[in-house]
Amino acid sequence: MSIGQTIRHKTQAFKGRVTERIGRTTRNRRLQRHGRADQISGNLKQFGDKAKNAFKH
């Protein structure tokens, strides 16, 4: 896993948290769902990269 991928995945998860928080504040359910989906996607990508590295060594 390269540093660039790590940063991208963490950024996606962070962006998801921010979007979800904005959705809660404005009571916009679509933004909440989008934020949650981004957050989950970023976390799953991070998990996948960690699993790849675990089996690589």
Side-chain angles (χ1 to χ4, degrees):
M1 168 171 66
S2 71
I3 299 296
Q5 281 181 326
T6 302
I7 292 170
R8 258 185 260 131
H9 298 158
K10 287 184 186 246
T11 303
Q12 184 177 9
F14 178 72
K15 182 184 132 200
R17 281 195 301 263
V18 170
T19 306
E20 184 181 11
R21 183 69 50 100
I22 290 170
R24 281 186 195 170
T25 304
T26 60
R27 295 184 180 160
N28 186 333
R29 292 200 183 262
R30 185 182 58 83
L31 277 179
Q32 287 179 359
R33 283 192 308 266
H34 264 310
R36 190 70 181 137
D38 274 347
Q39 196 174 357
I40 291 170
S41 178
N43 288 336
L44 284 174
K45 288 177 183 178
Q46 287 179 38
F47 177 76
D49 287 340
K50 286 179 185 179
K52 273 193 237 177
N53 283 340
F55 287 112
K56 187 185 280 187
H57 295 292

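Throughout, residue positions are numbered sequentially from 1 according to the sequence presented. Below, each value reflects all heavy atoms present in this structure, side chains not excepted, and no hydrogens, waters or symmetry copies.
- Here the closest heavy-atom approach between residue Q46 and residue A13 is recorded as NE2-CB, 4.2 Å.
- Expressed to the nearest 0.5 Å, how far CD1 of I22 lies from CZ of R17 amounts to 13.0 Å.
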>> Q32 vs N28, test: side chain to side chain contact (heavy atoms under 4.5 Å, CB included). Steps then yes/no.
In response: CA-CA 6 Å; Q32 287 179 359; N28 186 333; over 6 Å; no

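- With sequence neighbours excluded, the residues forming a salt bridge (charged side-chain N to carboxylate O under 4.0 Å, His left out) with R24 are E20, listed by chain and number.
- Note on residues 26-38: pairs passing salt bridge (Lys or Arg N to Asp or Glu O under 4.0 Å), not counting sequence neighbours, are K15-D38.
- Within a 6.0 Å sphere centred on CZ of R21, other residues, nucleotides and ligands contribute 12 heavy atoms or fewer.
- Contact detail for T19 and L31: the closest heavy-atom pair is CG2-O, 3.5 Å.
- Summarising the geometry, atom NZ belonging to K50 is positioned 12.0 Å from atom NE2 belonging to H9; distances are rounded to the nearest 0.5 Å.
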